[in-house]
Enquirer: 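After the structure tokens below, expect a handful of questions from me.
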Amino acid sequence: MKALEGVRILDMTHVQSGPTCTQLLAWFGADVIKVERPGTGDATRRQLQDIPDVDSLYFTMLNHNKRSVTLNTKHETGRAIFTRLIEACDVLCENFAPGALDRMGFSWERIQEINPRLIYASVKGFGPGPYEDCKVYENVAQCTGGGASTTGFDEGPPLVTGAQIGDSGTGLHLALGIVTALFQREKTGRGQRVECAMQDGVLNLCRVKLRDQQRLAHGPLKEYPQYPNGTFGDATPRSGNASGGGQPGWIVRCKGWETDPNAYIYIITQAAAFDGLARAIGRADWLEDEDWSTPAARLPKLDRMFAEIEKWTEKRTKFEVMEILNPLNVPCGPVLSMKELAEEPSLRATGTVVEVDHPERGRYLTVGNPIKLSASPAEVVRSPLLGEHTSEVLREVLGMDAQEVDAARREGAV
Ligand code: CAO
């Protein structure tokens, strides 16, 4: 049995944020019915295509374990079918531009009339306020949620990160909101509205930077590279590779850095493991020297400390450094390239990286479910072709017969 078996999701999501959410719910066993516009479908099917006329990896990697139905929700018959799907589902999930579902004739009030048990979940760029009508993509959310202003180096411009914290991050937030609302519905019998703004999701993930904003009022942020010689303004600055926690950390070069852009390792000089680290790099003298022996003494010269550590790491590969420092309990991690992650056997063994077969593109690699439930294992099933399950869903879920489905098809509603 799967954890969400019996839960049916009417999936009106597209691009990345919403599909991330419904893909997770599908991995937990929900029946996710993706409704797409006839003819075109989710725009990502045709974006960043690597093989002509074949669903892109952008689409396939975000829409596993779902069924696809094509339905024109602006067509009268299409709207009637959509209404019946709302009656038959537990959750409606969407991430259209603000107001799109209302413009189709499905306001929250109308949805509650059709099915008071339905949970109506949405991702939008912003919550209520001056920007509520704006369309938003990933990097806009990273900029407006505090990610970009706090990422990068002090002397450089704001930077966005490779991790899709605006899209996939907000999808994760929404998934939690949906299962929480399902849990509450068990007790009340009623659905509710679940809303996640991408700005809010990014800010939530940047929580420690708002912490630092308030700490600034009480003096410089001593773990930041700007301390002690640089200047602090009135807002949380970019912290380079400094650790966001109370234990100093930095990225240092390893053997081969001159030609390999990922020959680096992150090292955290946690106080409890500092003795071992100092001895390993040949600086046991630090332990006897009051200028170096305490965390407070080291704080004003973290740059010099990491430069010394780097003299040692530069002579070893990032994996050799891991092998030496791990037994000493020094928290550290090599900078892994996507190539290395794709080939990593342990990630294959746990199903975090999996190969999937697709009828049109053949085998491809994807990220499986990163959340492991012992009693509800996730099996990754390829993404659906556009409209692959239209007849199946209309018959099985709505009880329509073959003539009704054909008629809707002739009308252009499906
Ligand atoms: N039948 C008929 N019409 C359909 C349909 C269907 N099955 N599915 C979608 N449509 C219509 C919508 O109703 C909408 O029409 P109106 O503009 O007349 O209301 C239209 O298709 C386009 O929807 P959209 O405005 O959401 O799409 P877009 O490509 O212009 O914008 C995006 C995309 C992502 C910017 C916007 O949807 C958005 O801001 N979403 C919220 C934030 C979000 O999730 N962003 C993350 C995106 S991933 O980086």
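Hydrogens, waters and symmetry mates are skipped; everything else that's a heavy atom, side chains included, is used. Each ligand, and each atom within it, is numbered from 1 in the order the structure gives. Please read all numbers here as calculations on a predicted model, not as lab measurements.
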Enquirer: Among all protein heavy atoms, pick the one closest to atom 28 (P) of ligand 1 and tell me residue, atom and distance.
Expert: K135 NZ, 3.6 Å

Enquirer: Who's the nearest protein heavy-atom neighbour of atom 17 (O) of ligand 1, and how far?
Expert: R103 NH2, 3.9 Å

Enquirer: Return the closest protein heavy atom for atom 36 (C) of ligand 1 as residue, atom name and distance.
Expert: A97 N, 3.6 Å

Enquirer: Please step through side chain to side chain donor-acceptor pair (under 3.5 Å) for the pair E94 and S122, ending with a clear verdict.
Expert: CA-CA 5 Å; E94 61 90 26; S122 304; 2.6 Å; yes

Enquirer: Might you point out which heavy atoms bring V15 and T44 nearest each other, and give the distance in Å?
Expert: CA-CG2, 3.5 Å

Enquirer: Evaluate whether atom CZ of R207 has more than 12 neighbouring non-hydrogen atoms of other residues, nucleotides or ligands under 6.0 angstrom away.
Expert: no

Enquirer: Between ligand 1 and R37, is the shortest N or O to N or O distance under 3.5 Å?
Expert: yes

Enquirer: Which class fits the ring pair W250 and F153: parallel under 30°, tilted 30 to 60°, perpendicular over 60°?
Expert: perpendicular

Enquirer: Counting only heavy atoms, tell me which of M104, E36, H75 gets closest to atom 12 (C) of ligand 1.
Expert: M104

Enquirer: Would you mind reporting whether K209 and S149 have side-chain heavy atoms less than 4.5 Å apart?
Expert: no

Enquirer: Nearest heavy atom to atom 40 (N) of ligand 1 wins, so pick from T73, N95, T70.
Expert: N95

Enquirer: Mark yes or no: R298 above the aromatic ring of F274, with NZ or CZ under 6.0 Å from the six-membered ring centre and no more than 45 degrees from the axis.
Expert: yes

Enquirer: Can you find a heavy atom in the side chain of L25 that is under 4.5 Å from one in the side chain of V179?
Expert: yes

Enquirer: Please list the nearest protein heavy atom to atom 39 (O) of ligand 1 with its residue and the distance rounded to 0.1 Å.
Expert: V136 N, 3.1 Å

Enquirer: Where the closest heavy atom to atom 14 (C) of ligand 1 is concerned, which of M12, H14, K74 has it?
Expert: K74

Enquirer: Quick one about S391 and R409 (side-chain donor to acceptor, distance below 3.5 Å, no hydrogens or angles considered), yes or no?
Expert: yes

Enquirer: Could you check whether R348 pairs with E355 (Lys NZ or Arg NE/NH1/NH2 to Asp/Glu carboxylate O, under 4.0 Å)?
Expert: yes

Enquirer: For atom 7 (N) of ligand 1, what's the nearest protein heavy-atom neighbour? Residue, atom name and distance, please.
Expert: L71 O, 2.8 Å

Enquirer: Work out whether the distance between some heavy atom of S17 and some atom of ligand 1 is less than 4.0 Å.
Expert: yes

Enquirer: Which residue from D167, N72, V15 reaches closest to atom 46 (C) of ligand 1 through any of its heavy atoms?
Expert: D167

Enquirer: Considering only heavy atoms, which of F96, F82, Y137, F106 lies nearest to atom 32 (C) of ligand 1?
Expert: Y137

Enquirer: Within a distance under 4.0 Å of any heavy atom of Q16, pick out the atoms of ligand 1 and give their elements.
Expert: 48 (S)

